[in-house]
Structures are given as C-alpha cells and as structure tokens.
Peer 1: 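Attaching a single structure in structure tokens format; questions to follow.
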Amino acid sequence: MHIAALHQPSQVQLNQQGNLKHFLTIEGLSKESLTKILDTAQSFLDENNNLINRPLLEGLTVMNLFFENSTRTRTTFEAAAKRLSANVLNIDIARSSTSKGETLRDTLWNLEAMAADIFVVRHSSSGAAHFIAKDVCPNVAIINAGDGRHAHPTQAMLDMLTIRRETKKPFEQLSVAIIGDIKHSRVARSNVAALQTLGCKDIRVIAPNTLLPVGFNEYGEHVRLFNQMNGGVTDCDVIIALRIQNERIDSPALASQSEFYKMYGLNKERLALAKPDCIVMHPGPMNRGVEIDSSVADGDQSVILKQVTNGIAVRMAVLALAMQGQLQEQGLIEAISL
Ligand code: ASP
C-alpha cells in the first residue's frame, strides 16, 4: 500500500463517539485525542517517575505479533499489558505457520479464535496494521507497533510525553530538531505529525539530501530542512537523533558511517550550540559513534532511558483507551473507566 493512501485513517481508528478504538497512526487525530493519551499516560506515573499498576484489562488478552525485530517496543508493550493485569501472549512469528506459507489473514483469524482482545502488530510493510484493522478483526483493537517506514505512533507519543515532562514548556514554544535518516524513518514521520498537531511551530529536519524523502515537502507546516548540523541545532530545546535504517535502504545512501558521523554525529560541540537545557533523545537502538557520541548519549542532557520508562506508561494508556473505545462501540463502556 502506498504511504499516501494511509493518510485518511481517522474513520478506521476512531469509534462513533470519536474515541480511539485502534491506534494506527498519528495523522487524523486531534490535539485533544493526543493530549488525552498523554494525560492518561501521565496518570500511570507518580511524581518520582515510578509506574503505577492498574488492573484495567483484567481478564482480557493482548497478543504481541512482531513480524520484525524489536527489543524496547515488544518488551514495553508486554510490561504495559501486565501492569494493566491483561493476559499477554507473545506469538513467535519466526516459528509460526506464516513461515509454512499460511497467509497473514489466516494466521490472524486463528489467533482471533483464541479470544484475542488486542493485537499489537509490528510489520516491515507500510500499511500492515491498517490492513488488519480494516479487514480482519471487527471487535479486536489493533495497535500499530511500527509498520515499515510509515508510522510508529506509540514511539511518537512516548517522545511527546518525554518532551512535555522534561522541558515543562508548551509545545508552541519549543524548537525541536530531528537528525539523521528521515527518509526511511517511521519515527521521524510520526514525530513530525505529533509535534504539528500539538502546536510546535519550529520543527527542524537535519539530514543529507540522500536521507530525505524524495521532493522534500511532504511534512508540511512549520517544518524546515537543514543540510548542516550547525544552523539546525542552534538554540534548540529538543534534539532527537535517529539511526540509519540500513535494513530499509537498497543502495548505499552514504559514503560511509564515519563520513556521516563527521557531518551529522551529535557530539558535545554541536550540542553546545543548542539551548543550555536542551534535552537529547533517541528512540533506540543507538549506533554510538555514528549518529551520536557516547559522551552525549550518556551525558547529563540525555533523557534516552526516561523515554523507555515513559514508553510503558504511554503503551498502558493506548491499550486501555483503545479497549475502552472498542467496548464503547459494543455498548459495554462500563467495563473500563479511566
Ligand atoms: N526502534 C525504532 C523503530 O522501530 C527506531 C529504529 O529502529 O531505529 O522504528
């Protein structure tokens, strides 16, 4: 499916009352919907950043379906579901019958018959989560855990929660730089959409031309392109460094990784150009010495590990809200009250 065809998803992911019933992409969701996710996630964290358990999904079953590798996303979805008291099944796709030629649709129908309430899906094809939400599971909530280079909406929301908690400034007042492989990154795409929706007016994309989407203009309002680090990071409040997505690049987009580090690696000297309280983020996995220097990744301004904890809170929020939306659609809303 072409990425452009995925940009009218609101009918699919919202119920008749306008609440979330699947979480597929940021596009099409309002500022109020995104703020509700952030506020709900916040309610699962205490003032010391400790997670608070709530048995909101007791008796329900969450199935993790990861057709592509993952460490943080899969584990934090599992942790989130357990903290909500759901039953969690991690389906071992590499050993499943899809490797014996069964279609995705048949695999899903079988899993549905095992009484799944939520599928958390990661897939290398852009559009996989939309396909499943539309065609396969009418009463099951689908959460997109990353589809190809299209979207990674829970990563975007955990990044927004981290920015909100760590900068303590309204999005309207922030300058945010995203550096690296923009072209192949679902994180860049979802983060730009979330920042725009939440009101950020200064979004800077820093990359060589080979790592930008063809005919760079698809990100729209308030997004500026920089080919140089120095102008791009100056006076920023937030810097997000991204990994080069080698698994999605067919022909070499770079002379070498060391050349990239020389031009775009986030080191202390470049970070010093940003505001003194600028925070440094990275969705992981990090390639130290390529997009980020260890002194920055492990330095005082880094909030990279806080992103991981916030990821559990955001995934708890999304699981609970999507299930609430599904039950609301079925007239069973009293089952979850947040
Ligand atoms: N973990 C993020 C993703 O799944 C970022 C990355 O892989 O570089 O897209």
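Every number for a ligand or one of its atoms is a count from 1 in the order of the listing. Quantities reported herein were computed from a predicted structural model and do not represent experimental measurements.
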Peer 1: Got the closest protein heavy atom to atom 4 (O) of ligand 1, with its distance?
Peer 2: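 Closest protein heavy atom to atom 4 (O) of ligand 1: Arg186 NH2, 2.8 Å.
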Peer 1: May I ask you to check whether Arg243 has an N/O atom sitting below 3.5 Å from an N/O atom of ligand 1?
Peer 2: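 So ligand 1 has an N or O lying under 3.5 Å from an N or O of Arg243.
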Peer 1: Given that the side chain starts at C-beta and the backbone is N, CA, C, O, which of these parts of Gln245 lies under 4.0 Å from ligand 1, counting heavy atoms, or is it both or neither?
Peer 2: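 The part of Gln245 near ligand 1 is the side chain, not the backbone.
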Peer 1: I want to check something: taking the side chain as every heavy atom from C-beta on, are Ile239 and Arg270 in contact at a cut-off of under 4.5 Å?
Peer 2: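 The answer is no; the side chains never approach within 4.5 Å.
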Peer 1: Does any part of the side chain of Leu34, heavy atoms only, come nearer than 4.5 Å to the side chain of Ile26, both counted from C-beta?
Peer 2: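 Answer yes - side chains close enough.
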Peer 1: Could you tell me if the side chain of Leu161 sits less than 4.5 Å from the side chain of Leu38, heavy atoms only?
Peer 2: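 Answer yes - side chains close enough.
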Peer 1: Just let me know how Arg122 lines up against ligand 1, side chain, backbone, both or neither, with a heavy-atom cut-off below 4.0 Å.
Peer 2: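 Side chain only.
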Peer 1: Quick check on Ser70 - does any of its heavy atoms sit under 4.0 Å from an atom of ligand 1?
Peer 2: no
Peer 1: CD1/Ile206 to CD1/Ile182 distance, rounded to the nearest 0.5 angstrom?
Peer 2: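 So the CD1 of Ile206 and the CD1 of Ile182 are separated by 8.5 Å.
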Peer 1: With heavy-atom distances below 4.0 Å as the criterion, list the atoms of ligand 1 near Val187.
Peer 2: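 Close to Val187: 2 (C), 5 (C), 9 (O).
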Peer 1: Please report whether the ring centroid of His150 lies less than 6.0 Å from that of His130.
Peer 2: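 When the ring centroids of His130 and His150 are compared, they turn out to be within the sub-6.0 Å range.
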Peer 1: How many angstroms lie between SG in Cys200 and CD1 in Ile163, if you round to the nearest 0.5 Å?
Peer 2: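 Between Cys200 SG and Ile163 CD1, I get 7.5 Å after rounding to 0.5 Å.
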Peer 1: Who's closest to atom 1 (N) of ligand 1 heavy-atom-wise, of Ala188, Gly284, Pro283?
Peer 2: Gly284
